Amino acid sequence: MLGEGNVAHTAMSGNGTTPGDDPLQTAVWRLRSRACWADAAALLPADSPGTALQRAALLVERCLYTERGWEQAEDALRTAEALAHTDDERGAAACERGQLAYTATLHGVRDRADEARAALGRAAALVPPGAPGRALLDFRRGLIAENLTRSPQAARAAYRRAHAGAAAHTDPLLLSFTWRHLAGLALRDGELAEARHGFAESLRIREELGYLVGTAPALASLADAESEPEASRLREEARRLFRLLGGVPTWLARQLAPPAPGVATA
């Protein structure tokens with residue numbers, strides 16, 4: 001399962017997903033959730049550390065889901081890094097730097113694995129355990145362990161720390177990511193019931209939040225843990241959403257490709 005992972009400024013209260021939130025953040029969330037990252041970023045001024053970082057996070061996420069927009073993400077990230085003054089701001093910028101390097105490595109653009117590890121290491125030195133940003137950092141370190149280092153045990157430990165942190169800070173979108181990736185490891189180990197539960201929780205949260213761009217991957221993952229005919233129904237719904245969003249996320253195309261004629265399926 002390809003690693004998602006750019007979830008900075010996630011669905012906590014105040015970030016556009018709950019009634020009474022700032023109208024600007026509500027507009028940003030609606031665009032982001034529908035795969036309109038550039039439009040969402042354009043709504044945010046780049047003259048303060050917080051909004052500059054949020055712009056960078058949106059454009060880094062676009063790279064992960066679309067495999068394009070690398071230069072714009074780099075430019076936005078350099079601006080965020082230049083404006084960061086506190087440890088929290090510098091740590092958050094380093095976390096985004098690590099995510100962009102991880103994404104470039106994962107998609108085969110360029111091997112930046114060492115840069116990703118170094119940036120997340122800097123973030124860990126700046127963001128203390130228990131801080132709101134630590135859960136996201138732990139999650140991303142889990143992605144590197146799972147998808148670059150190929151160490152599922154280390155990934156599981158990092159995901160569990162992230163899961164606990166997301167629950168403590170009431171970050172449901174990040175919980176949808178930790179549920180999904182813990183379920184993926186369970187599926188790899190043959191723990192079907194655990195995998196099915198985790199994938200179902202991830203899907204439930206994303207549907208409740210209206211996180212449309214993340215719903216097709218959640219449907220496809222749950223299908224992998226279900227039996228027929230439910231698995232086929234879930235994959236067809238994932239294909240519908242995938243087409244609706246213009247083929248985003250790009251990496252889901254391989255997972256949703258129909259079986260070749262004459263190929264038996266379980």
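Keep in mind that this is a model prediction, so the values were computed, not measured. When a residue number appears, it is its place in the shown sequence, counting from 1.
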Quiz item: Is there a side-chain contact between L219 and R240, using heavy atoms and a 4.5 Å cut-off?
Solution: no
Quiz item: So, do W70 and H107 sit near enough that their side-chain heavy atoms are less than 4.5 Å apart?
Solution: yes
Practice problem: State which residues pass ring-ring contact (aromatic ring centres under 6.0 Å, His included) with Y159; sequence neighbours excluded, sorted by chain then number. | Solution: F139, H181
Return the set of residues passing side-chain hydrogen bond (donor to acceptor under 3.5 Å, both in side chains) with [X] (not counting sequence neighbours), or none when no residue passes.
| X | answer |
| --- | --- |
| R90 | D87 |
| R110 | none |
| W179 | none |
| D88 | none |

In Å and rounded to the nearest 0.5 Å, what is the [atom1] to [atom2] distance from [X] to [Y]?
| X | Y | atom1 | atom2 | value |
| --- | --- | --- | --- | --- |
| Q99 | L106 | CD | CG | 9.0 Å |
| S232 | E237 | OG | CD | 13.5 Å |
| E146 | R188 | CD | CZ | 5.0 Å |
| D189 | R156 | CG | CZ | 5.0 Å |
| L136 | L173 | CG | CG | 10.0 Å |
| I205 | T215 | CD1 | OG1 | 11.5 Å |

Checking the side chain of [X] only, and the main-chain atoms of [Y] only, is there a donor and an acceptor separated by less than 3.5 Å?
| X | Y | answer |
| --- | --- | --- |
| R239 | L256 | yes |
| E89 | H85 | yes |
| W251 | L64 | yes |
| E61 | Y65 | no |
| S202 | F199 | no |
| R134 | V127 | yes |
| T178 | L175 | yes |

Got a sec, which residues hit side chain to side chain contact (heavy atoms under 4.5 Å, CB included) with [X], two or more places apart in sequence or on another chain?
| X | value |
| --- | --- |
| A113 | T105, D111, R117, L148 |
| E226 | R196, L222, E230, A231, L234 |
| A154 | A145, S151 |
| E115 | R97, A101, R112 |

Practice problem: Let me see the working for L182 and E201 under side-chain contact (heavy atoms from CB on, under 4.5 Å), right down to the final yes or no. | Solution: CA-CA 11 Å; L182 285 167; E201 283 296 296; over 6 Å; no
Quiz item: When you look at E71 and R62, which way does the salt bridge (charged side-chain N to carboxylate O under 4.0 Å, His left out) test go after all the steps?
Solution: CA-CA 11 Å; E71 290 184 7; R62 180 176 67 165; over 6 Å; no
Which heavy-atom pair separates [X] from [Y] by the least distance, and what is that distance?
| X | Y | result |
| --- | --- | --- |
| G91 | A123 | O-CB, 3.4 Å |
| R34 | L245 | O-CD2, 3.7 Å |
| C63 | L100 | SG-CD1, 4.1 Å |
| A35 | V213 | CB-CG2, 3.9 Å |
| G142 | A155 | O-CB, 3.5 Å |
| A216 | L252 | CB-CD2, 3.6 Å |

Quiz item: Would F177 end up clustered with L212 when hydrophobic side chains under 4.5 Å apart are linked, directly or stepwise?
Solution: yes
Practice problem: Before accepting this row, confirm whether a basic side-chain N of the pair R55/E96 lies closer than 4.0 Å to the acidic partner's carboxylate O. | Solution: no
Self-check item: salt bridge (charged side-chain N to carboxylate O under 4.0 Å, His left out) partners of R160, counting only residues at least two apart
Solution: none
Practice problem: Sequence neighbours left out, what passes salt bridge (charged side-chain N to carboxylate O under 4.0 Å, His left out) with E208? Give chain and number order. | Solution: R204
Practice problem: May I have the step-by-step check of side-chain contact (heavy atoms from CB on, under 4.5 Å) for L209 and S33, ending in yes or no? | Solution: CA-CA 9 Å; L209 293 173; S33 65; over 6 Å; no
Quiz item: Step by step, would you call E74 with L59 a side-chain contact (heavy atoms from CB on, under 4.5 Å)?
Solution: CA-CA 9 Å; E74 288 281 2; L59 295 174; over 6 Å; no
Exercise. Apply salt bridge (charged side-chain N to carboxylate O under 4.0 Å, His left out) to R78 and E81, showing your working.
Key: CA-CA 5 Å; R78 282 192 290 268; E81 289 168 336; over 6 Å; no
Practice problem: Identify the residue among L31, L58, V28 that makes a side chain to side chain contact (heavy atoms under 4.5 Å, CB included) with W37. | Solution: L58
Exercise. Using the salt bridge (charged side-chain N to carboxylate O under 4.0 Å, His left out) rule, collect all pairs that involve residues 120-131, keeping only residues at least two apart or in two chains.
Key: none
Exercise. Take L24 and L44 through the test side-chain contact (heavy atoms from CB on, under 4.5 Å) and record every step on the way to the result.
Key: CA-CA 8 Å; L24 173 61; L44 296 164; 4.0 Å; yes
